[in-house]
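What follows is a set of notes on a single structure, which appears directly below.
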Amino acid sequence: MTETLPARTAPLPPKWNPAEVEGVLYQRWVDRGYFEADPASGKPPYCIVIPPPNVTGSLHLGHAMDHTLIDVLTRRRRMQGYDALWLPGMDHAGIATQSVVERRLAEAGEPTRRELGREEFVRRVWEWKAESGGAILGQMKRLGDGVDWTRERFTLDEGLSRAVRAVFKKMFDEGLIYRAERLVNWSPALQSAISDIEVDHKEVEGELVSIRYGEGEDSVVVATTRVETMLGDTAVAVHPEDERYAHLVGRTVRMPITGRDVPVIADPYVDPEFGTGALKITPAHDPNDFEMGRRHDLPMPTIMDESGVIANSGTEFDGMDRFAAREAIREQLRAEGRIVAEKRPYTHSVGHDSRTGVPIEPRLSLQWWVKVESLAKASGDAVRSGETSIHPPEMASRFFDWVDNMHDWCISRQLWWGHRIPVWYGPDGETVCVGPDEEPPTGEGWRQDEDVLDTWFSSGLWPFSTLGWPEETPDLERYYPNSVLVTGYDILFFWVVRMMMFGTYAMGRSPFEHVYLHGLIRDEHGRKMSKSKGNVIDPLELIDAYGADALRFTIARGSNPGTDMSLSTEWVAGSRNFTTKLWNAVRFALANGADPALPLPQEPTDADRWILGRLREVREQTDALLEDFQFAKATEGLYHFTWDELCDWYLELAKPQFDDPATAEGTRAVLGHVLDALLRILHPIVPFVTEALWTALTGGETVVTATWPGADTGLPVDAAAVARVEALQKLITEVRRFRTEQGLPDRRSVAAALVGLEAAGLAGHEKAVRFLTRLDPTGADFAPTATVEVALGSVDGASAGGSASAGATAGGSASAGATVHVELDTSGAIDVAAERARLGRDLAAAQKELEQAEKKLGNPKFTEKAPAAVVDGIRARREAAVAEIERVTARLEGLPAS
RNA sequence: GGGCGCGUAGCUCAGCGGGAGAGCACUCGGUUUACACCCGAGCGGUCGCAGGUUCGAUCCCUGCCGCGCCCA
């Protein structure tokens, strides 16, 4: 491979070109095996498994967020000396994948699924899997995911399929999996059962129709939103104590249309206050009615087929779609004078298949179920006991609500793509569950269950099936439980709960030490991204335009725990600007000979001490924040340090230091040290640009496996140096402000005398002040026309050039500070009005400050009750305000009349 | 209906008992020997409303208004 990046001594290219370089760097990382975990390494293990993306989809920004945050965590741990494993892979997404392939067959004019037959159809799906899955892998590489490709897994792999059969067998034998005929959420579109969490309840505008059953005094009125279900009614129910209907209980009423006589039953479930107090009962098509039917041993006729068409009702409505039948039956009833009331529109909640959006049809059918009670309890206990901690903690309550109120889980799906249920039925009604190492029964009349398992059944095993379970592999021994699971809070009930249930059951331990739940990515105005709104952003387009680092930095900077973030191309462009800034900073450093291999100077300058102290603080703060999953705050802190402190101030202060032979070498060392550490700290967030810059700066092979900066980073904070640098910044800013307001552009030569620098402790900083304010030395003809007075907080001048000992503290800020007078020769009259306006604003601010302070100090309760430190602080502010008012007032009086 | 959360600068969001912050946007100035994907200086807020607790409330409590999400 060609090395496109320069060696340390060569200058960096003037521009960072991510599109050209990122792919090369990524391939090099993979080729050199940096991301491969090693159970034999002797290092402490750290493991995160990917929340498996759906093989049929493509990665969207939500995935980009998962991947960025996981990559930040694992790359940092790797640098910290852990044996870090990020395990990649995908799930087979039974329903979604089968639907896509069926649609593609139809679009290509090929035979249908049933025409092809099961074996051939499944072969076609594997072809599609290779194509679609490959695209996802490519996306992960573009994002820079530091995954261990040698351990990539797929839920339908041989190993993972063994895990599915093993856990199914164990649960079957222990009675936790059973087969039962029950009412399920049936999707007429998919023609399959789906689980509760695949159903969305939505308010819809329908109708509420009241129908009279029976004749005359012996009639009852029932109301329904689904008129067509009356074809399957087998009872009318009333409350046992409802006197209005007491005479009917135990008798029958004659149904319209079907002409059937159905019993009137009494059941306390009926709310006598609701509607007429009488309910029509359709046990095969409504969950509540089903329970009632079981209690009263009612017949349960199914009057629809798998696609939602009326069937076997014995009426002329057979063959009619359920919605068409609803209208037709209603009109028939109307013609017979049976309708006594109609409410339309009637808003009520209807379950919809979350994938197709089609209304669910509750359907009586024979399915396989998981008995969840003990599993859900164990999952809840794992969190309650602290074995697993959920971040942010507020999310734990949702988790508990869910696991404490969970219904049995329907796991069979009427599909072909997935793990076929490992149960065989014999000719004489035998049922045999076949384990992974057993041979299925052979012989006449034996057949395997036709259905496959819910995809979540296999992805629930993911934290350990991917590590080799049920075999006792070194990986399993070492990487289970996983360190962290990172996923969106919207996925809590899908993955997290299922994985917790299976992990506690099969492994006896919760699968995760930590679960970090991030928010959703929304558009720039906080709206959910959706195809229908047309506001979806493709992560690959952002990477093409701005680089993967820019996308990653944007995501990390916006990701506060548990809260959604807004994202737009402008934010990403801003992050791209950050990488460019970093690039230019290192370019400048290299051009001036910065080198981290040089020893730090014996006598660092104030600027050196300040930036080295800040570096130490920032490194400590970043570590603490990342340990607590505070990605946004950690990233924001690094942004601020890099741009506002390192680039805006230290690099500028370094310029005069480079000019001075006494400080040039030390500055090379300090700048090298700071950038070396900063690039390593930034690497997990922006891996590409930091790799290019760090290798150029240090000559090292790669930053991927470089050591994470430790306690010896930077220097202890030197408070005296900090105070002097802050005074310097204030002085420079005030002069710049004056120049701006006086309309004195930088190129315009302005001579000035700096009076009082020494008293302010800034004796050694005149050169820096002049450089950063563009003030020239005074000549023989110096004639000042204006003075800028800058009141500085007290800085301990005596300690200038002193040692950088830890814990040094400057004098208290309460003592009166020094004032530096900058006398300028503006070569002409100054703009008195501008100066008066500027001083007026300063005066108003000082007066407001004084007013607030005096109000507080004038309140005896405040001085009595508030902590002494707070009171002292307010007193100091009052004194400073008084001094400022005096100074500004004097200046104003000294101005010529305008 | 139950639960959770949110209303802070034009936009997106931090801050959550003692001096209102950031990014973007905006205004003015700038071909400064790293960077115009930039530099310098600014403008901009009764911190949703009303009570309460407190010496002191954007921050704690209560109610109201508006918005969002989850579950039924």
Side-chain angles (χ1 to χ4, degrees), chain A residues 11-12 14-16 196-197 200-201 349 351 392 394-402 405 489-490 492-493 519-520 522-528 546-547 550 554 557-558 560 562-571 573-592 594 630 632-633 636-637 639-640 643-644 647-648 651-652 654-655 658-659 732-748 771-774 838 841 845 848-849 852-853 855-867 869-871 873-874 876-877 880-881:
Chain A
L12 283 171
K15 287 203 68 159
W16 165 237
D196 291 346
I197 52 174
D200 290 337
H201 292 271
S349 181
E394 308 90 80
M395 287 287 175
S397 59
R398 272 196 199 184
F399 176 82
F400 292 135
D401 286 348
W402 182 259
N405 298 294
Y489 63 72
D490 55 327
L492 184 65
F493 307 131
L520 276 34
R522 296 172 172 276
D523 77 1
E524 60 192 307
H525 295 296
R527 294 171 308 188
K528 209 165 182 173
Y546 303 107
T554 305
R557 196 178 179 194
N560 282 112
T563 57
D564 295 350
M565 71 169 290
S566 294
L567 185 143
S568 75
T569 54
E570 281 85 47
W571 306 164
S575 299
R576 184 273 318 271
N577 296 351
F578 175 79
T579 60
T580 305
K581 189 73 178 174
L582 193 62
W583 181 267
N584 284 311
V586 175
R587 225 159 55 88
F588 167 79
L590 287 175
N592 285 281
Q630 302 275 359
K633 290 182 180 66
E636 183 65 26
Y639 178 94
H640 177 253
W643 202 309
D644 303 335
C647 291
D648 282 355
L651 290 189
E652 295 304 320
K655 287 172 184 173
F658 279 131
D659 274 349
I732 290 166
T733 301
E734 286 299 316
V735 175
R736 284 172 171 172
R737 190 178 158 214
F738 175 84
R739 287 190 66 133
T740 295
E741 277 156 12
Q742 288 295 320
L744 299 169
D746 289 347
R747 67 175 116 67
R748 166 113 170 249
F771 175 72
L772 292 176
T773 55
R774 312 281 153 189
R838 181 174 77 96
R841 281 197 299 275
K848 188 180 171 194
E849 176 80 358
Q852 287 177 341
K855 190 176 163 194
K856 287 199 168 191
L857 293 168
N859 180 351
K861 285 180 179 169
F862 172 71
T863 49
E864 282 165 28
K865 296 198 175 184
V870 172
V871 178
I874 301 289
R877 282 168 52 195

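Source: prediction; values computed, not measured. Below, each value reflects all heavy atoms present in this structure, side chains not excepted, and no hydrogens, waters or symmetry copies. Quick note on labels: first sequence line is chain A, next is B, and so on, each numbered from 1.
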In whole angstrom, give the distance that lies between atom CZ of A/Phe578 and atom P of B/C24. 12 Å

Identify the nucleotide, in any strand shown, that forms a Watson-Crick or G-U wobble pair with B/G63, with both distances under 3.5 Å; if there is none, say none. B/C49

Would you please confirm or rule out a distance under 4.0 Å between OP1 or OP2 of B/A34 and any side-chain N or O of A/Trp16? no

B/C4 versus B/C49 - spacing of their P atoms, nearest Å: 24 Å

Looking at every strand, decide which applies to A/Asn560 at a 4.0 Å heavy-atom threshold: base, sugar-phosphate, or nothing. sugar-phosphate

Which part of the nucleic acid, if any, lies within reach of A/Thr863 when heavy atoms closer than 4.0 Å are counted: base, sugar-phosphate only, or nothing? nothing

Quick one: look up who B/G68 pairs with, Watson-Crick or G-U, both distances under 3.5 Å, and put none if it's unpaired. B/C4

Hey, is the side chain of A/Arg737 poking within less than 4.0 Å of OP1 or OP2 on B/G42, counting only N and O atoms? yes

Looking at side-chain heavy atoms only, is the closest gap between A/Arg736 and A/Arg774 below 4.5 Å? no

If I take atom NZ in residue A/Lys655 and atom C1' in nucleotide B/U32, what distance separates them, rounded to the nearest angstrom? 8 Å

At under 4.0 Å between heavy atoms, what does A/Arg877 touch on the DNA or RNA strands: base, sugar-phosphate, or nothing? base

B/C38 phosphate, OP1 or OP2: any side-chain N/O from A/Asn577 under 4.0 angstrom? yes

Once you apply the 3.5 Å cut-off to both distances, tell me the Watson-Crick or G-U wobble partner of B/G18, or none. B/C55

Any base atoms under 4.0 Å from A/Pro860, or only sugar-phosphate, or nothing? Heavy atoms, all strands. nothing

Counting the atoms with a prime plus P, OP1 and OP2 as sugar-phosphate, which does A/Leu651 contact under 4.0 Å by heavy atoms, base, sugar-phosphate, or nothing? base

With side chains defined as the heavy atoms from C-beta onward, is the minimum distance between A/Lys528 and A/Leu520 less than 4.5 Å? yes

Is there a side-chain polar atom (N or O) of A/Lys855 under 4.0 Å from OP1 or OP2 of B/G56? no

State plainly whether the residues A/Glu734 and A/Arg737 are in salt-bridge range, i.e. N to O under 4.0 Å. yes

For the pair made of CG in A/Leu520 and C1' in B/C4, what is the distance, rounded to whole Å? 15 Å

What is the nucleic acid contact for A/Glu636, judged by heavy atoms within less than 4.0 Å: base, sugar-phosphate only, or nothing? sugar-phosphate

For the pair made of CD in A/Gln742 and P in B/C28, what is the distance, rounded to whole Å? 19 Å

At 4.0 Å (heavy atoms only), tell me whether A/Arg557 reaches a base, stays on the sugar-phosphate, or touches nothing. sugar-phosphate

Paired with B/G44: which nucleotide, if any, by Watson-Crick or G-U wobble criteria at under 3.5 Å for both distances? none

Establish, with yes or no, whether the OP1 or OP2 oxygen of B/G19 is under 4.0 angstrom from a side-chain nitrogen or oxygen of A/Lys848. no

Partner nucleotide, any strand, of B/A9 [Watson-Crick/G-U, under 3.5 Å]: none

Taking NZ, NE, NH1 and NH2 as the nitrogens, is one of them in A/Glu741 or A/Arg841 under 4.0 Å from a carboxylate oxygen of the other? yes

What is the nucleic acid contact for A/Ser568, judged by heavy atoms within less than 4.0 Å: base, sugar-phosphate only, or nothing? nothing

Give a yes or no answer on whether the side chain of A/Asn859 reaches the backbone of A/Lys861 with a donor-acceptor pair at less than 3.5 Å. yes

Rounded off to whole Å, could you give me the CH2-to-P distance for the A/Trp571 and B/C37 pair? 19 Å

Which whole-number value in Å describes the distance from A/Asp564 CG to B/G7 P? 13 Å

Any sub-3.5 Å donor-acceptor pair from A/Asn560's side-chain atoms to A/Thr563's backbone N or O? no

When all nucleic acid strands are considered with a 4.0 Å heavy-atom cut-off, which category describes A/Lys633: base, sugar-phosphate, or nothing? sugar-phosphate

Interatomic distance where CH2 belongs to A/Trp583 and C1' belongs to B/C35 [whole Å]: 13 Å

Decide yes or no on side chain to side chain contact (heavy atoms under 4.5 Å, CB included) for A/Trp571 and A/Arg557, but give the supporting numbers first. CA-CA 10 Å; A/Trp571 306 164; A/Arg557 196 178 179 194; over 6 Å; no

Taking C-beta and beyond as the side chain, do A/Leu772 and A/Val735 meet within less than 4.5 Å on heavy atoms? no

Report the distance from atom OH of A/Tyr639 to atom C1' of B/G23, rounded to the nearest whole Å. 6 Å

Per atom distances to the A/Arg522 side chain, the nearest of B/G68, B/C43, B/G19 is B/G68

Check if the side chain of A/Glu652 and the base of B/A34 share a donor-acceptor pair of N or O atoms closer than 3.5 Å. yes

A/Arg774 side chain: which of B/U32, B/C38, B/G19 is closest? B/U32

Have a look at A/Asp648 and say if it touches a base, only the backbone sugar-phosphate, or nothing, with a 4.0 Å heavy-atom cut-off. sugar-phosphate

Pairwise P distance for B/C65 and B/G18, with rounding to whole Å: 30 Å

Residue-phosphate contact under 4.0 Å: A/Thr563 side-chain N/O, B/A14 OP1/OP2: yes

Would you say the base of B/C4 and the side-chain of A/Arg398 have a donor-acceptor pair closer than 3.5 Å? no

Any side-chain N or O of A/Ser566 below 4.0 angstrom from OP1/OP2 of B/C13? yes

With sugar-phosphate meaning primed atoms plus P, OP1 and OP2, does A/Arg736 contact a base, only sugar-phosphate, or nothing at under 4.0 Å between heavy atoms? sugar-phosphate

Among B/A41, B/C37, B/G18, the one nearest A/Lys15 by side-chain distance: B/C37

Return the nucleotide paired to B/C38: Watson-Crick means purine N1 to pyrimidine N3 with N6-O4 or O6-N4, wobble means G-U with N1-O2 and O6-N3, both under 3.5 Å. B/G30

